[in-house]
Number of protein chains: 2
Amino acid sequence: MKPLKQGNITSPLGFKTNALCCGIKKKKPDLALIYSITKAVAAGVFTSNRIKAAPVKIDIKSLKNNCAQAIIVNSGNANCCTGKRGYADAQKIVQVVAADLDLEPKNVLIASTGVIGKYLPLNKILNNIPELIKGLGFNKADKTALAIMTTDTYPKQLAIEIKLNGKKVTTAAVAKGAGMICPDMATMLCFITTDANISGAVLKSALAEAVDDSFNCISVDGQMSTNDTVIILANGLAVNKQIKKKGKEYRVFTAALKFLCLQLAKMIIEDAEGATKMIQVSITRARSKKEAKQAAYAIANSALVKTMVAGENPNWGRIPASLGQANINLKEEKIKISLQKKVVYQNAKPVLKDKDVLIALLKKKQVNIDVDLNIGNYSHTVWTADLTAEYVRINAEYS
Amino acid sequence: MKPLKQGNITSPLGFKTNALCCGIKKKKPDLALIYSITKAVAAGVFTSNRIKAAPVKIDIKSLKNNCAQAIIVNSGNANCCTGKRGYADAQKIVQVVAADLDLEPKNVLIASTGVIGKYLPLNKILNNIPELIKGLGFNKADKTALAIMTTDTYPKQLAIEIKLNGKKVTTAAVAKGAGMICPDMATMLCFITTDANISGAVLKSALAEAVDDSFNCISVDGQMSTNDTVIILANGLAVNKQIKKKGKEYRVFTAALKFLCLQLAKMIIEDAEGATKMIQVSITRARSKKEAKQAAYAIANSALVKTMVAGENPNWGRIPASLGQANINLKEEKIKISLQKKVVYQNAKPVLKDKDVLIALLKKKQVNIDVDLNIGNYSHTVWTADLTAEYVRINAEYS
């Protein structure tokens, strides 16, 4: 498994892309198309927010046949809370893309990200589809990575190579994140291309596993968006023997997919709105997996812990305080809390009391918080970002 | 029921108080004592955080006899996550106060607020108890209101008068809040004095009702502290016929208590760390009370909604997006969302689209968000504050 230098979603065989500025944003690319030259096996994971954007609703339907060949994406407008008109708008875009590419509409997926509660500027999008398709190429992935960004400060893409039955298989992804990233992946889009030959059912479970151990382990601000989407297209052009069951080849492929997703998830945290530091919260020896997760998120989503890290403020007492809020089984006298592997709290009392040492620990770019509950066998790790005044500024300003 | 001009915790008959600077904080009052000249019926409500501070553990035990006569309070140090030593320190303080006042230790309650994970400067406190007691008076409530503050910018106190069986009954409270205020009342201290004559069992239920409709309906940052405490002392000096059951007199008294607690809860929100606006979130027609609460808190605790209000940013789409996260029953097409009583979203589509009108609505000092779920009969209202860069600054700085 090796990451490719300057790898991107066109690194796997048979994928083209293009992006342009259709005018949703001012003078910035905001419309992109990802296309496989042959029909691909496809799977998706979507937001669990009860309010879902129109494109999410359409994709969930279309993916019932585990197949797709193109993904049309816009940034700057989420097409969410836009009712029947928003749904019809998304359908219309899909139909036009499908017609121009000579595909069935169900094989064209759609994603949107941006402001909620505004209708799409439909004509701006439709008028630009012919040019978008005409310009599809094998060397335009950088443009697409830019076009899907909202408040991201840099594009996020990566490709890796593995061998399956002696065949080279390449898998790549492009993602955008920035705000609202939470347990169930919020305002997060990720499109994965692979030339692996794999069956629909198995691809679905590989994607679910990978997302669970990556995008579902990150949180920026505890918010879950209406538009979160992870889609994978597997066109089989690597001509490896088709992966049909959960054997060795499945595990190799899934491990690569997990690695890819986790790297992108971490890039999203690194580039979280206003973030200056990454925070890794690891819970060990919890009573159950569910409780380990609850505990990790209670700490990772605590505004007080996040501002503590931002300010390099050694008030580590905010960690047990937020842990106590998690509504899980715990025994105060069994808990051990470490900051950067140095124990700060054990046997229900403070251990590391030297302010200057504590401040020095927090000066690092990544802050690791380890909480050993010592009452069970379950672990969970999540990643989040610190909370800064810049986060507030970004989200208070009107876009 | 009328609020008293400059009413405070010594307005009810028979209550004295005093406060001084013992040196936990630099040159600010940080130690206070509240004292009833006769033994009082007492009740308390405490944090539901699984990690509880030593004073909370002691009070829960002491209040088993529904009786108390004094409350000793310090600010600047929470005496939490301090293990056996912290517990012994709190016990020692209680013993010394009790001895000096000639009371049984179980009739002296204790509360602390401030930094977590540090031992109390025990001697500073003990050495000042004699002076604190010597100075007890009927005109020192303002000092006490200051002494319990941490990041509050102004003292919070109020007294009201009611008539019970023709007798004048006065009830008063002093509170501190500022950060971490959440569903279950966080880093919030409130001490209530009343000269009502009421039985212990009935007082307990009156307090529970009042807290549920006030302090448990506010949230600053979704954080629940380890030290939250509401204590009421009822010394009976108003000589009204003792309230022993939940009849008319109980209802009058409880209504007054609720009013008092709600006013103080709102002061806490108004004075929340860095807050510039109050946000009222009302959910109506939910499937259950629990779901109404969940929905209200999902919106009230959303960093995106709070920054939207702070920035007078008309992105109201963040309201349905955070509502969708609440994991409750909802039907998108039935939801109606209003800002300042103007409908912005109905029938699953945007209604009020004029940016300037939306911005004007958000310019008010209090922003009301009403969400009609239209699928049931249950309502709930919560109050919160906006999220500003100042909140981050306060919490990032090392105290």
Side-chain angles (χ1 to χ4, degrees), chain A residues 49-52 78 80-86 115-119 179-180 221-226 301-304 307-308 310-311 313-318 320-328 330 332-333 344-345 347-350 353 359 387-389 391-393 395-399, chain B residues 49-52 78 80-86 115-119 179-180 221-226 301-304 307-308 310-311 313-318 320-328 330 332-333 344-345 347-350 353 359 387-389 391-393 395-399:
Chain A
N49 194 304
R50 297 291 301 263
I51 306 281
K52 288 179 173 56
C80 180
C81 294
T82 46
K84 283 178 189 163
R85 179 169 150 192
V115 179
I116 298 170
K118 273 190 161 181
Y119 294 120
M180 289 178 83
D221 51 14
Q223 299 290 298
M224 178 163 62
S225 118
T226 49
N301 285 332
S302 157
L304 289 165
T307 49
M308 172 191 104
N313 168 342
N315 273 337
W316 57 262
R318 296 174 182 185
S322 53
L323 177 67
Q325 252 191 310
N327 195 26
I328 58 155
L330 54 84
E332 204 178 325
E333 66 286 1
V344 294
Y345 177 71
N347 299 321
K349 60 190 181 205
K353 278 168 277 186
I359 292 172
L387 174 58
T388 64
Y391 171 88
V392 176
R393 196 194 56 73
N395 285 294
E397 262 179 16
Y398 179 53
S399 46
Chain B
N49 194 304
R50 296 291 300 263
I51 306 281
K52 288 178 172 58
C80 180
C81 294
T82 46
K84 283 177 189 164
R85 179 168 151 193
V115 179
I116 298 170
K118 275 189 160 180
Y119 294 120
M180 289 177 81
D221 51 15
Q223 299 290 295
M224 178 163 61
S225 118
T226 49
N301 285 332
S302 157
L304 289 166
T307 49
M308 171 191 102
N313 168 341
N315 274 338
W316 57 262
R318 296 174 182 186
S322 52
L323 176 68
Q325 252 191 310
N327 196 24
I328 59 155
L330 55 81
E332 205 178 324
E333 66 286 1
V344 293
Y345 176 69
N347 299 321
K349 60 191 182 203
K353 278 167 277 184
I359 292 171
L387 173 59
T388 64
Y391 171 89
V392 176
R393 196 194 57 72
N395 285 294
E397 260 177 20
Y398 179 53
S399 47

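Small disclaimer: the values here were computed from a predicted structure and weren't measured. Note on naming: letters A, B, ... go to the chains in the order of the sequence lines (proteins, then strands), and numbering restarts at 1 for each one.
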Atom pair CD1/CG of A/Ile51 and B/Leu330 - distance to nearest 0.5 Å: 5.0 Å
- prompt: Mind checking what makes side-chain contact (heavy atoms from CB on, under 4.5 Å) contact with B/Lys353, not counting sequence neighbours?
  reply: A/Tyr119, B/Pro350
- request: Please determine, among B/Ala389, B/Cys81, B/Gly117, B/Gly83, the option with the most heavy-atom pairs under 4.5 Å with chain A.
  value: B/Cys81
statement: B/Asn49 and A/Gly324 have their tightest heavy-atom pair at OD1-CA, 2.8 Å
- prompt: Between CZ of A/Arg318 and OG1 of B/Thr226, what distance do you get to the nearest 0.5 Å?
  reply: 11.5 Å
query: Hey, which of A/Gly86, A/Ala348, A/Ala78 has the most heavy atom pairs under 4.5 Å with chain B?
result: A/Ala348
query: Counting heavy-atom pairs under 4.5 Å to chain A, which of B/Lys84, B/Glu332, B/Met308, B/Arg85 comes out on top?
result: B/Glu332
field: side-chain hydrogen bond (donor to acceptor under 3.5 Å, both in side chains) against B/Thr388, all qualifying residues, sequence neighbours excluded
entry: none
query: Roughly how far, to the nearest 0.5 Å, is the CD1 atom of B/Ile116 from the OH atom of A/Tyr345?
result: 10.0 Å
- request: Check whether any side-chain N or O of B/Arg50 sits under 3.5 Å from a backbone N or O of A/Ile328 as a donor-acceptor pair, and report yes or no.
  value: yes
- line: Separation between CG (A/Asn301) and CG (B/Asn301), nearest 0.5 Å, reads 11.0 Å
